[in-house]
Amino acid sequence: MLVLDGVGHVYSARTPWAHRALENVNLQLQDGARVIVVGPNGSGKSTLAWILAGLLTPSEGEVTLDGGPLSIEESHTAMAFQHARLQLLRPTVGEDVRFGLDIDEAAVDRALTDVGLDPERFRTRRIDQLSGGEQRRVALAGVLARRPRVLVLDEPLAGLDAPSRESLVQVLGRLPAGLTTLVVTHDTEDAERIADRALVLGNGHITADGTVADVLRTAAVQ
Amino acid sequence: MTTAATELHFLRHVPGNSPVHRMWAGTKLLVVAGIGIAVVAEPSWLSQAVAAALLIAALLACRVPLSAVPRVPVWFLYLLAFAGFIALTAGGKPEVHFNGISLGFGGLIDWLRFTTLTVIVLGYAVVLGWTTHLADLSPALTRLFAPFRLLRFPVDEIVAAVTLCVRCLPLLVDELRTLYAVRRLRHPEVPTTIKEEVLNLHDLLVGALVSALRRAREMADAIDGRGGVGPAPKLPVRLRLPDYVALLLTAGGITLIVIL
């Protein structure tokens, strides 16, 4: 279980630019939980994402996975960023999925299949020949190949055309069962297809927490 | 868990209402350029003392808290110390003789002189960054470069290029943070050999280069889409007492640097 206990974060602490992004966030995510995090700009969504990905040490509180510290080194976490092109670090799809891992071609093919890409067509394709949606799926294949326990997705659907969006929603809907997934997004259109639980952040606090349908209905009424 | 890439505050504006904050951006650019060029052209200890005295006066006048001072990473200090050691081995006068061994400090003194020179010039840039909104730079540059129009220099294009470079810096820093994060998440093993360090750096640099080029192309397309660069804004210049004081002190400082 992933637990956030009294987590808060202040950027540029003890400087004239000090800015509080999160305050006293308490959260428990069971293994395999699928959660979307919504909220206005500046509400602390990205900070929460970076903390859950293990990229940022919170100034206050602690984050634990099964009672121990969250560790990038032990591949507990993975994160897919909005700008997929920045995440593709090798010239071809196959090389990129294999990057940083000691895996064979079959594992690469499995990772590509998991994200809905035909290995025969894509394995040797150059990264620059891919569409925006394909780039996102290759980036996702790269992080899934690490077999993380926690996956954080930052605005995975932003800027995609309808077919690319539908393909990615289908991929997100069939992610491995035990994988805890946290999707940070402004886009709630397909929220119920990719998550069971929704959190609303406002001014660095969790202001709503519940099933996707309940939380979105309440937000719509307000 | 690890920390993210260090937050970058170099050239970041600190809100305030000090005399330096209230100065016209063009005055500050003139001061930085004037003192900077003079002290680099004549980097003697006395010249540096004059430049440092003016810098200290500016630091006191801008009333920016000490907590804004950029923190230098420890590895950088080690690197600097190593460079000093290498400079010491260069020898040169003055020399000290001890038990039949002579040690020349000429190289070390030159290293120290150029290190302090760099700190002073960077100090001026930091004060400019702390006290000036990025948006104020473009109209100030337009005014300062105006005489070059007579020589048919493409002033509008130069000003647009400089302004875009400064404005895009935060974007580039943000993308570098993402690149660094991606590299850490997908290759979390800490490099243990020089080869691994070089490969790590190579990935980051290539990624940064690709990202900067892509941003530049997008920016160029956006400028084209809006019908080109267009004339830079010409806002009225209103010099106040702090501007006159700063310009007088700068003129005095440059004169001293040249005479000394």
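Shortest non-hydrogen contact noted between B/V14 and A/P16 is CG1-CB, 3.9 Å. Counting all heavy atoms, side chain and backbone alike, B/R12 lies closest to A/S12 at NH1-OG, 4.0 Å. Between A/A13 and B/R71, the closest heavy-atom pair is O-NH2, 4.2 Å.
Put simply, CG on A/L89 and CZ on B/R186 are 5.5 Å apart, with the number rounded to the nearest 0.5 Å. For the atom pair NE2 of B/H187 and CZ of A/R146, the computed distance is 8.0 Å after rounding to the nearest 0.5 Å. Interatomic distance, CD1 of A/I72 versus CG of B/L185, reported as 4.5 Å (0.5 Å rounding). Considering CZ of B/R214 and CG of A/L86, their distance stands at 5.5 Å, rounded to 0.5 Å. The line from OG1 of B/T178 to CE of A/M79 is 8.0 Å long, rounded to the nearest 0.5 Å. In this structure, NE2 in B/H13 is found 10.5 Å from CH2 in A/W17, a value given to the nearest 0.5 Å.
When heavy atoms are compared at a cutoff of 4.5 Å, A/D96 approaches chain B by way of both its backbone and its side chain. The part of A/F81 that comes within reach of chain B is its side chain, from C-beta onward, which places non-hydrogen atoms under 4.5 angstrom from that chain. Using a 4.5 Å cut-off between heavy atoms, A/V97 contacts chain B through its backbone alone, with no side-chain atom that close.
Sparse packing is recorded around CZ of B/R217, with 12 or fewer heavy atoms of other residues, nucleotides or ligands lying under 6.0 Å away. By the neighbour-count criterion of 12 heavy atoms within 6.0 Å, atom CG of B/L213 is densely surrounded, having more than that number from other residues, nucleotides or ligands. For A/N203, the CG atom counts as loosely surrounded, since its 6.0 Å shell holds 12 or fewer non-hydrogen atoms of other residues, nucleotides or ligands. Residue B/L66 qualifies as open at atom CG: its count of foreign heavy atoms under 6.0 Å is 12 or below.
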Let me see the working for B/D203 and A/F99 under side chain to side chain contact (heavy atoms under 4.5 Å, CB included), right down to the final yes or no.
-> CA-CA 11 Å; B/D203 281 335; A/F99 174 71; 3.8 Å; yes
